[in-house]
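Data first, discussion second: the structure below is written as structure tokens.
The structure displayed is predicted, hence computed values, not measured ones. Letters A, B, ... are given to chains in the order of the sequence lines, protein chains preceding strands, and every chain is numbered from 1. Hydrogens, waters and symmetry mates play no part in the numbers below; they use all other heavy atoms, side chains included.
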Amino acid sequence: MKGRTKRQAGPKPARGRSAPGKTGDLAASRAKRSSRRPRAEAKGGADNLGKYVYCVVSATEPLRFGAIGIGAKPAEVQTVNYKGIAAIVSDTPLEVYDPTRENVLAHERVNETVMRTHTVIPMSFGAVFKTREDIIELLRGAYNAFHDVLSKMEDKLEFGLKVLWDRDVMIREIEREDEDIRRLKNEIASQKGSTYFARVQYGRMADAALQNLADRYVADIFAQLRDVCVASRANKPIGDKMIMNAAFLVARNQEAAFDARVKKIGAQYHKLTFKYTGPWPPYNFVNIRLKLERAKDAQ
Amino acid sequence: MPVERTSSNTSLIDVLDRVLDKGIVIDAWVRVSLVGIDLITVEARIVVASIETYLKYSEAVAQSTPALRSNAVETRSQEALAAENRSLRSKLAAAADGTGVPVVRRRRRSVGV
């Protein structure tokens with residue numbers, strides 16, 4: 001993760017100032033000063049504050065969520081409204097945020113707080129805009145997409161479900177149930193000469209049987225959750241203990257039913273470990289990729 | 001072992017898994033240029049140049065072979081992600097030393113912002 005976002009070195013902006021005639025001396029000197037140490041500047045002057053954007057919601061009125069924003073001094077979280085939709089933002093120094101534990105959790109904390117009362121489209125981590133007008137332009141430019149997605153996500157929550165198992169325990173289970181594998185294992189144990197080929201074959205059969213079992217379990221878990229969710233998404237399992245890494249989109253009024261179903265499945269499969277998380281903003285069910293540019297001609 | 005639901009901010013891995021590249025995603029180099037490169041000189045407004053929306057919303061729940069399906073889909077997207085990651089990294093690196101970033105062609109003070 002480190003190095004994914006790099007902080008910008010200060011001196012770069014100065015290069016752009018090759019035509020000083022047009023802008024006043026004041027602006028020029030300001031430019032010079034802040035290009036030398038933009039950090040210090042950002043802390044000092046209020047005019048160098050940008051806005052960190054957490055998510056987009058439906059809202060006709062300005063909203064406030066308290067001082068829970070990202071950064072060393074949590075800033076007031078509020079809205080930038082545009083025609084019935086709003087970006088949830090807080091003031092921040094103009095800087096690129098690294099995805100540190102604190103920063104990432106702050107981002108999530110705000111989303112979670114807003115989510116309690118509103119349907120949110122979460123923004124991915126680290127979006128800082130220079131001005132309020134930029135954010136309004138974002139809302140205006142992608143208005144239809146936001147509006148459409150907001151109405152589709154209305155009153156829906158995401159839950160995460162990861163299922164893990166212990167391979168060794170499962171292999172023993174398989175040996176109990178699968179006669180061929182059990183016989184092969186006994187052969188290997190009793191054989192006198194080289195057991196190489198028998199062991200290779202055993203390994204292959206055990207792997208296939210494990211994969212088979214995992215597929216069966218996962219299919220059954222999905223099937224059992226089917227009628228209590230709106231949609232599901234199977235992500236790639238991480239590591240070799242995980243057999244299922246899924247996200248579910250659940251209607252708010254089905255939350256309790258979904259919850260009960262997950263617990264029932266947990267009781268059914270007592271040899272598996274379930275990691276059940278949420279509610280989340282619908283990260284896994286919304287994907288809006290935006291490419292932004294500077295307006296070619298600001299004048 | 002009974003299954004307990006944990007709230008979403010307890011596992012950093014689960015949070016990272018979501019917030020870094022899901023939801024509304026803005027091009028990484030732009031993210032940098034929005035706040036970094038032209039910190040003071042550019043007051044031109046941003047515009048939304050392109051929108052690519054796709055909802056996973058209607059994806060069928062657990063079709064007959066969810067595990068197979070997920071493998072087929074996710075392996076490819078994993079590679080695509082890796083490729084994207086590489087290209088973004090190089091763009092970021094380029095941005096850091098000031099070359100190759102399509103910054104702003106015209107720098108003017110804006111009016112009425």
Q) Quick one: of A/Asn111, A/Asp259, A/Ile221, A/Ile238, who has the most non-hydrogen atom pairs under 4.5 Å with chain B? A) A/Asp259
Q: Search all heavy atoms of A/Pro279 against all heavy atoms of B/Arg5 and return the closest pair with its distance.
A: CD-NH2, 3.9 Å
Q | A/Lys51: salt bridge (charged side-chain N to carboxylate O under 4.0 Å, His left out) partners, not counting sequence neighbours | A | A/Asp91
Q: Please report the shortest heavy-atom distance between B/Arg18 and A/Gly160, naming the atom on each side.
A: NH2-CA, 3.7 Å
(Q) So, taking the atom named CG in A/Asn284 and the one named CG in B/Asp17, what distance separates them when rounded to the nearest 0.5 Å? (A) 7.0 Å
Q: Quick one: pull up CZ in A/Arg289 and CG in B/Asp21 and give me the separation to the nearest 0.5 Å.
A: 6.5 Å
Q) Going by the salt bridge (charged side-chain N to carboxylate O under 4.0 Å, His left out) test, which pairs reach into residues 267-288 of chain A, not counting sequence neighbours? A) A/Glu173-A/Lys271
Q: Measure distances from A/Arg109 to the heavy atoms of chain B and classify the residue's part below 4.5 Å as side chain, backbone, both or neither.
A: neither
Q. For the residue pair B/Val19 and A/Tyr283, what are the closest heavy atoms and their distance?
A. CG1-OH, 3.3 Å
Q: Answer yes or no: is there an ion pair linking A/Glu158 with B/Lys22, defined by an N-O contact shorter than 4.0 Å?
A: no
Q) Going from CG on A/Leu290 to CD1 on B/Ile24, what distance comes out if it is rounded to the nearest 0.5 angstrom? A) 7.0 Å
(Q) Is any side-chain heavy atom of B/Ile26 closer than 4.5 Å to one of A/Met123? (A) yes
Q | Atom group of A/Tyr269 that falls short of 4.5 Å from chain B, counting heavy atoms | A | neither
**Q.** OG on A/Ser124 to CG on B/Leu20, rounded to 0.5 Å
**A.** 8.0 Å
Q. Which atom pair, heavy atoms only, marks the closest approach of B/Val15 to A/Glu108?
A. CG1-CB, 3.9 Å
Q: Taking A/Thr277 for its side chain and B/Ser7 for its backbone only, find out whether a donor-acceptor pair lies under 3.5 Å.
A: no
Q: Heavy-atom distances under 4.5 Å only: say whether A/Asn144 touches chain B with side chain, backbone, both or neither.
A: neither
